[in-house]
Each structure stands twice: as structure tokens, then as C-alpha cells.
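Here's the structure we're looking at; comments come further down.
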Amino acid sequence: MDTKRFETDVIHKGYNAEQHNGSLAPPIFQTSTFVFDSAETGAARFAGEQEGYIYSRLSNPTVAMLEERIAAMEKGEKGLAFGSGMAAVSAILLGLTRTGDHILCSEGVYGCTFGLLQLMEEKYHITHNFHSMNDEESIRSAITDHTTVIYIESPINPTMKLVDLSMVARIAKEFNIPVVVDNTFSSPYLQRPLDLGCDIVLHSATKYLCGHGDVIGGLAVGKQELMSHLAMTTQKDIGGVMSPFDAWLLLRGIKTLPVRMDRHCENAKKLADLLKKHPSINRVLYPGDPDFPQYELANKQMLNAGGLISFEIKGDKAIAQKFMNHLELIKIAVSLGDAETLIQHPATMTHAVVPEENRIQMGISDQLLRLSVGLEAWEDIWDDIKQSLDSL
Ligand code: 4LM
């Protein structure tokens with residue numbers, strides 16, 4: 001049956017029990033290689049003349065199920081699975097650029113993406129610049145003759161700033177430049193960049209897609225031709241691919257994504273409202289807050305505001321660290337999207353590699369904290385935050 005609704009697709013797409021002895025759960029094809037029935041079969045598969053598996057760095061049945069599922073969720077033609085979010089980012093950026101090219105980026109990116117962009121500039125002379133992407137004219141003037149990729153996070157880690165994805169996609173089409181969106185913070189349940197005209201959407205699947213903090217993985221979706229090109233070049237030959245077991249854990253985690261996201265969003269909204277009112281908090285950055293500068297854009301392109309809240313505590317870095325250390329239920333850890341509420345200090349953790357000058361430009365102060373709101377009872381999360389704030 002050809003289903004259409006997201007909540008059904010996350011459970012069924014990519015897997016047919018009838019083809020696997022009726023097994024409700026998909027099998028894990030824990031194999032590195034596949035046996036050919038003849039030398040000619042092997043040769044035909046390598047030549048692309050015959051369908052079939054060859055070797056698990058190229059493709060694996062369990063991983064392929066996940067790739068089909070994420071493609072359905074993002075409403076794209078072809079999905080690719082990687083060994084980490086960064087493996088996806090690097091395979092895509094290296095696959096779409098060559099020496100002398102320029103990448104136009106959103107005003108901030110995850111710390112390791114920043115590191116990759118620097119490495120690409122230093123080693124391969126592929127330049128980049130960060131841009132607020134707030135208005136059409138300034139985007140047009142930031143595009144150079146050498147711009148071959150527009151790379152966006154929205155919401156941006158950890159400042160929660162948004163980029164108007166359909167506006168950027170429309171401008172990029174005029175210049176024939178692909179738009180790549182890191183959709184990690186929203187998950188495909190809350191935001192679908194391909195529907196808004198973007199060309200490739202990618203995820204750190206480690207986060208909401210997994211949901212249980214037990215996988216490092218990356219996923220990407222786009223048009224058949226483009227993704228097949230990446231699969232046969234920077235994915236296959238750099239080799240940052242996903243293991244069958246991680247694909248299996250992701251197939252399992254993804255089934256509950258819509259239910260989990262609803263709860264993450266509900267909890268985050270309640271906590272953002274409470275944080276805003278607390279006298280020890282300077283400002284709260286949450287796209288679901290009506291005072292958030294891009295609240296209307298959030299409503300336009302996202303189904304809901306997500307489970308991440310950044311906030312600035314009154315005081316300095318030492319106060320921020322004291323607050324973290326006094327928490328009891330909330331865990332001090334990087335990563336996000338897990339059942340457990342996690343807190344981290346971007347200036348010294350996820351964005352520690354970003355030089356101070358760039359960090360300040362991006363809006364990451366020493367007092368900024370990022371809370372990944374979990375699935376616990378929101379009252380318990382708040383009680384923990386409040387007891388720690390009150391202790392300062
Ligand atoms: C973190 N983030 O923020 P892998 N894209 C975005 C991310 O936030 C991340 C990655 C890619 C965090 C990790 C420690 C927007 C990671 C990279 O870690 O390679 O799966 O994803 O806490």
C-alpha cells in the first residue's frame with residue numbers, strides 16, 4: 001500500500017516483512033561482503049549492469065532500508081547513510097566543490113563543520129563566508145562567480161537563528177547553485193527543506209532521528225542523480241559509511257520520532273516560558289517564543305519549534321559553569337535529541353574550536369548555555385533548573 005502520511009511512513013517505509021520470512025523487525029545483515037554465484041555475476045555488478053549487493057561499504061540491505069525510509073520522510077528521491085553527521089557533511093561539501101570554489105554559509109554552523117570549512121580553505125583553497133541571509137539583495141551580492149554551494153543550518157546550532165529556506169532556495173535557483181540544509185535541529189518531522197526548494201538535506205542522525213543516545217550516524221537526501229554521484233565518489237571512496245547495526249537501531253528509533261518530537265516541543269515551550277520569567281536569566285532563544293525575533297518565520301517553515309533552548313545566564317562563564325555543576329537530573333553532555341535532558345556550554349564545548357572573534361560574531365557568549373530538552377516530566381526538569389538557579 002502506498003502510504004502518504006509521515007507518522008505511517010516512519011514505521012513502514014523501506015521495509016517489507018513478507019520479503020523477510022514475516023519478521024516484524026528488520027533483519028540485520030551483519031556482513032562485510034556478498035557472494036557472487038559466478039565470476040561473470042561479480043563483473044556485471046561492478047560494471048553496474050546487474051542489480052545486487054557487492055560489499056557493505058558500497059551498499060548493505062539493512063542500511064538500504066534506512067536510506068529508503070529517510071528519503072520518504074524528507075520527500076526526496078534518494079537517501080544516503082553515513083558513519084556520522086560529519087561524514088555526511090564532509091562527503092557532501094567535498095563532493096560539490098573543487099579548488100577555487102566558494103561556499104556561502106549561514107551565520108553560524110556546528111563547531112566541527114566550522115573546522116571542516118577551515119580545513120577545506122587551508123588545504124584546498126575552497127573559501128567560505130558566513131552570512132545572515134536575512135534579505136534577498138544581500139544574499140545576491142554575497143554570491144560570487146565561484147560560489148558553488150550554499151550551506152545552511154536552520155535553526156543554527158546553538159544560537160537558534162533561522163534562515164528563510166524558501167527565499168534562499170529561490171535565489172539559489174537563479175544562479176543554479178545547490179542549497180544544502182543541515183536539518184539536525186528540526187528533524188524531518190518539523191521541517192522539510194526539499195519541499196521548500198532546497199537540494200540536499202542532511203542530518204546528524206545521532207540526534208533526534210536516533211533519539212536514544214546510542215548511535216553516531218549521518219543521513220542525507222536529495223535528487224537521484226546528485227545523490228548517486230555522491231554515493232559513487234566521496235561516500236564510497238572516503239568511506240565514512242554506516243554499519244548495519246547502527247542502521248537497525250536508527251530504523252527502530254525513527255518509528256517513534258513524531259511522538260517524541262511532540263513531547264520534546266511541548267516540554268521545551270513550557271521551560272522556555274519559565275526560563276524567561278526567572279530573574280537570573282538574561283535572554284532566552286527559542287523559536288517558539290512569541291518574542292523570538294524570527295517567530296513568524298518559525299511558524300512559516302516549521303511545524304513546531306523543537307526541543308532545543310539556548311539561554312544566557314546573568315553573570316559570567318564561572319556562573320554558567322556553577323549553574324551546570326549544581327544540576328542534578330539534567331546531565332552535562334554535548335549532543336542533543338535524547339530522552340535525557342542535556343546541557344552544554346557551547347563556548348567551551350561544541351564551539352570551542354571556533355576562535356573567540358568568530359564566536360562572538362555568531363552570537364555565542366560565555367554566558368550562553370544550550371539545553372536539549374528531554375522527555376522527562378517537564379515539572380521535574382524545571383524543578384532541577386530552578387533549584388540550581390536559586391542556588392547561585
Ligand atoms: C552537538 N552536534 O551540537 P555527528 N550538524 C549539526 C550538529 O549539531 C552536529 C553535527 C552536524 C553536536 C555533537 C557533539 C547541526 C553535532 C555532527 O556528531 O558527526 O553525528 O554530527 O552537541
Side-chain angles (χ1 to χ4, degrees), residues 80 82-133 142 146-161 163 178-185 200-207 215-220 230 233-235 237-242 308 310 317 332-337 342 344-366 368-370 372:
L80 294 180
F82 295 86
S84 68
M86 284 317 301
V89 177
S90 53
I92 291 166
L93 287 183
L94 290 167
L96 295 179
T97 53
R98 61 182 69 220
T99 296
D101 284 351
H102 167 253
I103 304 170
L104 182 61
C105 300
S106 52
E107 211 175 1
V109 288
Y110 167 57
C112 292
T113 304
F114 182 93
L116 174 71
L117 290 164
Q118 274 201 316
L119 179 146
M120 288 172 69
E121 186 150 338
E122 282 160 22
K123 290 187 75 125
Y124 308 117
H125 306 291
I126 297 161
T127 60
H128 65 272
N129 69 304
F130 297 102
H131 193 278
S132 69
M133 300 195 184
H146 299 284
T147 308
T148 45
V149 184
I150 298 182
Y151 185 87
I152 297 171
E153 280 182 22
S154 183
I156 295 174
N157 184 359
T159 56
M160 307 306 293
K161 289 178 194 165
V163 175
V179 178
V180 178
V181 179
D182 183 333
N183 203 23
T184 301
F185 269 37
I200 295 182
V201 57
L202 71 90
H203 292 273
S204 167
T206 314
K207 313 292 164 28
V215 169
I216 295 282
L219 289 167
L230 294 172
T233 54
T234 47
Q235 186 190 38
D237 296 336
I238 296 176
V241 295
M242 182 178 283
L308 284 148
S310 290
K317 181 168 123 186
I332 303 173
V334 296
S335 204
L336 56 107
L342 307 178
Q344 68 109 1
H345 183 241
T348 57
M349 296 179 182
T350 53
H351 291 69
V353 294
V354 180
E356 192 178 354
E357 191 192 329
N358 300 76
R359 230 186 332 107
I360 301 301
Q361 259 169 12
M362 287 178 184
I364 305 170
S365 69
D366 280 351
L368 189 75
L369 292 165
R370 189 192 74 191
S372 170

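As a basis for the values below, the full set of heavy atoms in this structure was taken, side chains included, without hydrogen atoms, waters or symmetry mates.
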Report the C-alpha distance between L369 and Q344 in whole Å, list the side-chain angles of each, state the deciding distance to 0.1 Å, and finish with yes or no for side chain to side chain contact (heavy atoms under 4.5 Å, CB included). CA-CA 6 Å; L369 292 165; Q344 68 109 1; over 6 Å; no
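- With sequence neighbours excluded, no residue forms a side-chain hydrogen bond (donor to acceptor under 3.5 Å, both in side chains) with S106.
- Residues forming a side-chain hydrogen bond (donor to acceptor under 3.5 Å, both in side chains) with S90 (at least two apart in sequence, or on another chain): none.
- Listed by chain and residue number, P158, M160, L285, L368, R370 satisfy the side chain to side chain contact (heavy atoms under 4.5 Å, CB included) test with S310 (two or more places apart in sequence, or in another chain).
- The shortest distance between side-chain heavy atoms of L80 and Q235 falls below 4.5 Å.
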Acceptor/donor pairs from residues 356-363 side chains to any protein atom, 3.5 angstrom cut, sequence neighbours excluded:
unit_1 : atom_1 : unit_2 : atom_2 : d
R359   : NH1    : D366   : OD1    : 3.4

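- Side-chain contact between N129 and L104 is present, with at least one heavy-atom pair separated by less than 4.5 Å.
- In this structure, the separation between CD1 on I152 and SG on C105 is 9.5 Å, given to the nearest 0.5 Å.
- For H351, there are no side-chain hydrogen bond (donor to acceptor under 3.5 Å, both in side chains) partners two or more places apart in sequence or in a different chain.
- Looking at every heavy atom in both residues, A220 comes nearest to I200 through CB-CG2, 4.5 Å.
- Looking at V201 and D182, their side chains never come closer than 4.5 Å, going by heavy atoms from C-beta outward.
- Nearest heavy-atom pair across G337 and S372 is N-OG, 3.0 Å.
- No side-chain heavy atom of H102 sits under 4.5 Å from any side-chain heavy atom of T148.
- In terms of heavy-atom proximity, M242 sits nearest to G217 at CE-CA, 3.9 Å.
- At least one donor-acceptor pair under 3.5 Å links the side chain of T184 to the backbone N or O of S204.
- Scored by the side chain to side chain contact (heavy atoms under 4.5 Å, CB included) test, A205 finds L209, L219, L250 as partners (sequence neighbours excluded).
- The side-chain hydrogen bond (donor to acceptor under 3.5 Å, both in side chains) check on T233 picks up nothing, with sequence neighbours excluded.
- Looking at V181 and Y151, their side chains never come closer than 4.5 Å, going by heavy atoms from C-beta outward.
- A distance of 10.0 Å separates CD1 of I238 from CG of L230, quoted to the nearest 0.5 Å.
- Among residue pairs with one or both ends in residues 89-100, none qualify as salt bridge (charged side-chain N to carboxylate O under 4.0 Å, His left out); sequence neighbours excluded.
- Between I103 and T127, every side-chain heavy-atom pair lies at or beyond the 4.5 Å cut-off.
- Between T206 and S335, the shortest heavy-atom distance links the atoms CG2-OG, 4.2 Å.
- With sequence neighbours excluded, the residues that form a side chain to side chain contact (heavy atoms under 4.5 Å, CB included) with S84 are M86, A87, I216.
- Within the 4.5 Å cutoff, the side chain of V180 has heavy atoms near those of the L202 side chain.
- Taking the side chain as every heavy atom from C-beta outward, I332 and L342 never approach each other to under 4.5 Å.
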Return a table of donor-acceptor pairs under 3.5 angstrom between the side chains of residues 107-126 and protein atoms on other chains or two or more places apart.
unit_1 : atom_1 : unit_2 : atom_2 : d
E107   : OE1    : K161   : NZ     : 3.4
E121   : OE1    : H128   : N      : 3.4
E121   : OE1    : H128   : ND1    : 3.0

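- Take V353 and apply the side chain to side chain contact (heavy atoms under 4.5 Å, CB included) test, not counting sequence neighbours, and it matches no residue.
- The CG atom of D101 sits 9.5 Å away from the CG atom of L96 when rounded to the nearest 0.5 Å.
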